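Data first, discussion second: the structure below is written as C-alpha cells.
The structure displayed is predicted, hence computed values, not measured ones. The first residue in the sequence is number 1, and the count goes up from there.
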Amino acid sequence: MTTTSPSPAATADWVDPAAMLRDPHETYDRLRELGPVVWVPALNRYLATTFEACRAIEADQETYSASVTGSGATMARALGAQPMLRKDDPEHATERAPVNPAMRPKRIREAWVPLFRCNAETYLDALIERGPGDADLNRDYAAPLAAHNLVDMLGLRGASPEDMRRWSHAFIAGIGNLHDDPEIWARCDAAQHEVNGLLDELVPYYRRNPDGSMTSAWSNGGLSDAAVRANVKLTISGGMNEPQHMITNIVWALSRHPEQCERVLANPSTWSAVFDEAVRWLSPIGMYPRETTRATVLQGVELPAGATLGVVVGAGNRDPAVFERPHDFDIARPKQPHLGFGSGVHLCAGHWAARISIGEVAVPLLYDRLPGLCTDPNREEQWYGWVFRGLTTLPVTWAAS
C-alpha cells in the first residue's frame, strides 16, 4: 500500500481581488484545480476551496480556531469585540445558549411568523406602488423587510429599518475589509457608536423587563456587557445580510430558469428545495476565517502554526467532487448537505429563521401577489462581493393588473 506524502500549498499569485468582487467563481474553479488549500499572496491567507477541506476545518476546533488574530480579525475590529462566531467552545457555546430556544423552528413559527408576514405585506405593498417599470426588489422589498424582521427579532426598540440597514452595511463592509480601507473603518466606528448608545438604554431595560427578543435573552443570559453588545452587532450584520440576499437570489435564479419557476408554483411544497439550492448555488456568505493553532496537514497540504485560512464555502458549494453539475441551478437535485450556513458547532444560529422568514413567507408571498414576477431585462442589475455576495440592485417586473 502506498501513501502520498504531504506537500506544501500551491501559490496562486495571479488572484485578482477586484475580479472576485465582480464574480469569484472562475477564480474558485482555478484554485480548486491547484489543490484543496492554496496560498493567495494578494489576500495574505490560505484559501480552502473544496467541500471536504471546508468541512474538515469546521470539524476540528482544536486545530482550526475561530478566534483569529492579526489580519484575520476583521470581525472583532468591525464590531468592537469578538462575538461568539469568532470564539471556540466552551466560550462559543456559552454565548449561543441564551438565544438557542428562540431560534428553534416551533418557537419561530409561534412567535415570529405573524410578524414576518405582516412586515412582508407592508413592503410588498410598497413594491407594488412603485410599479413594474420602476420596482427594485432589493431596495423596495428585500432590504427593508430583512431589516424590519431583524429589528423585531432583536427587540431593538427605537431603531428603524433604515438604521438597521445602515448599520448592517457598515459592519459587513468592515468584516470584509481585508485591505484595511480607513473609510470603511470610519463607517464601522460610527455604527458601533450608534448601536452602543441604543444598547446603553436597552440592556438595563430588558434586565428589568425581559421578553422573547434576542437582545433580552443575551441581556439576561449571564454574559458580560461586552459579549451582549458584540453578539447583537454580529446579528445586525449577518442577520440582515443573508435573508436580504436570499430573497433577491431566489427571484434572480427562478427568472433564469422559468421551467423550474413553473414547477415550484405548481407545487408549493418544493419551496424548501428552492431555498436550499439557491443557498448552495449563490452562497450569500462566501467565506469566513480560521487560524491554525499548530502545524498541521489539511487534505494532504502542509500548513504552519498561526496560518490564516479562508474557509471559502462559496467554492465548496460548487465542488464538482461533491455536486454533480455544480454550476447549474437545479431544484430537483438530490437532497444533500451544503455549506451555506457553515457546519459543525458554528452552524448559523439563525438558519431556521432564514428558512422560514424567506423560504416560507417572503418569497412565496411575492409570487402569490405578483403574477409573472421576473427580473427586468431593460434595467441593469448589480452584484458585489465574495466574502459576502449578493445583488445590490435587482430591477423586477410583473404582469400589471
Side-chain angles (χ1 to χ4, degrees), residues 112-154 156 159-173 191 236-258 261 264-265 271 274-275 278-279 282 284 353-385 388-401:
W112 299 115
V113 162
L115 276 173
F116 293 158
R117 183 166 294 278
C118 178
N119 292 342
E121 294 278 5
T122 295
Y123 293 107
L124 183 50
D125 287 344
L127 183 78
I128 292 170
E129 187 173 348
R130 281 278 188 176
D134 186 47
D136 183 298
L137 191 64
N138 185 60
R139 178 195 65 202
D140 302 324
Y141 186 72
L145 174 57
H148 203 146
N149 285 347
L150 196 56
V151 168
D152 290 340
M153 293 187 72
L154 276 168
L156 293 185
S160 69
E162 175 56 29
D163 291 331
M164 182 67 72
R165 184 201 64 79
R166 184 164 42 81
W167 296 335
S168 180
H169 287 185
F171 293 149
I172 287 292
I236 288 172
S237 59
M240 178 176 167
N241 178 73
E242 188 154 29
Q244 171 186 347
H245 290 321
M246 282 308 302
I247 294 172
T248 50
N249 286 356
I250 290 172
V251 172
W252 186 87
L254 291 178
S255 294
R256 276 145 189 78
H257 301 85
C261 184
V264 71
L265 295 182
W271 275 118
V274 173
F275 181 89
V279 172
L282 297 172
R355 289 176 185 279
I356 293 168
S357 66
I358 304 310
E360 297 183 14
V361 178
V363 174
L365 186 62
L366 280 172
Y367 286 91
D368 285 346
R369 290 190 55 189
L370 300 177
L373 176 66
C374 63
T375 58
D376 187 343
N378 298 315
R379 291 182 286 150
E380 184 181 1
E381 64 193 34
Q382 294 181 343
W383 287 85
Y384 183 80
F388 296 93
R389 180 163 178 78
L391 284 146
T392 57
T393 302
L394 186 62
V396 291
T397 189
W398 58 88
S401 56

Please test F116 against M153 for side-chain contact (heavy atoms from CB on, under 4.5 Å), starting from the C-alpha separation and ending with a verdict.
CA-CA 10 Å; F116 293 158; M153 293 187 72; 3.6 Å; yes

For a 4.5 angstrom cut-off between non-hydrogen side-chain atoms, does R369 reach D125?
yes

So do the side chains of L137 and L373 get within less than 4.5 Å of each other, counting heavy atoms only?
no

Between CG of L394 and OG of S255, what distance do you get to the nearest 0.5 Å?
7.0 Å

For a side-chain hydrogen bond (donor to acceptor under 3.5 Å, both in side chains) check, start with the C-alpha distance between D163 and S160, then their side-chain angles and the critical distance, and finish with the verdict.
CA-CA 5 Å; D163 291 331; S160 69; 3.2 Å; yes

According to the interplanar angle, ranging from 0 to 90°, do the rings of W271 and Y367 count as parallel (below 30°), tilted (30 to 60°) or perpendicular (above 60°)?
tilted

Which atom of F275 lies closest to which atom of M246, heavy atoms considered
O-CE, 3.7 Å

Between R139 and D134, what is the shortest heavy-atom contact and its length?
NH2-O, 3.0 Å

Is there a donor-acceptor pair under 3.5 Å between the side chain of R256 and the backbone N or O of W252?
yes

Step by step, work out the side-chain contact (heavy atoms from CB on, under 4.5 Å) result for L366 and V396.
CA-CA 11 Å; L366 280 172; V396 291; over 6 Å; no

Would you check if P395 and E381 make a side-chain contact, meaning some heavy-atom pair closer than 4.5 Å?
yes

Please find the pair of heavy atoms, one from P144 and one from P161, that lie closest to each other, and give the distance.
O-CB, 4.1 Å

With a 4.5 Å cut-off on side-chain heavy atoms, are L282 and R389 touching?
no

Looking only at heavy atoms, which two atoms of T248 and A142 are closest? And how far apart?
CG2-CB, 3.9 Å

Over all atoms of both residues, closest heavy-atom pair of P284 and V279:
CD-O, 4.3 Å

Out of curiosity, D140 CG to I128 CD1, how far, rounded to the nearest 0.5 Å?
11.5 Å

N149 vs P243 side-chain heavy atoms within contact, under 4.5 Å:
no

CA sep, side-chain torsions, deciding dist, call: T393, R379, side-chain hydrogen bond (donor to acceptor under 3.5 Å, both in side chains):
CA-CA 10 Å; T393 302; R379 291 182 286 150; over 6 Å; no

Would you give the length of the straight line joining atom CG of L365 to atom CD1 of I247, rounded to the nearest 0.5 angstrom?
10.5 Å

May I ask you to test the L127-W398 pair for a side-chain heavy-atom distance under 4.5 Å?
yes

Give me the atom names and distance for the closest heavy-atom approach of A146 to M240.
CB-O, 3.8 Å

What distance separates Y123 OH from L145 CG, expressed to the nearest 0.5 Å?
7.5 Å

Quick one: are N138 and L391 in side-chain contact, heavy atoms under 4.5 Å?
no

Is the side chain of S168 donor-acceptor paired with the backbone N or O of M164 at a distance under 3.5 Å, no angle test?
no

Within the structure provided, determine whether L124 and Y141 are in side-chain contact (heavy-atom separation under 4.5 Å).
yes

Between NE2 on residue H245 and CH2 on residue W383, distance to nearest 0.5 Å
9.0 Å

Main-chain N/O of P132 paired with T397 side-chain donor or acceptor, under 3.5 Å:
yes

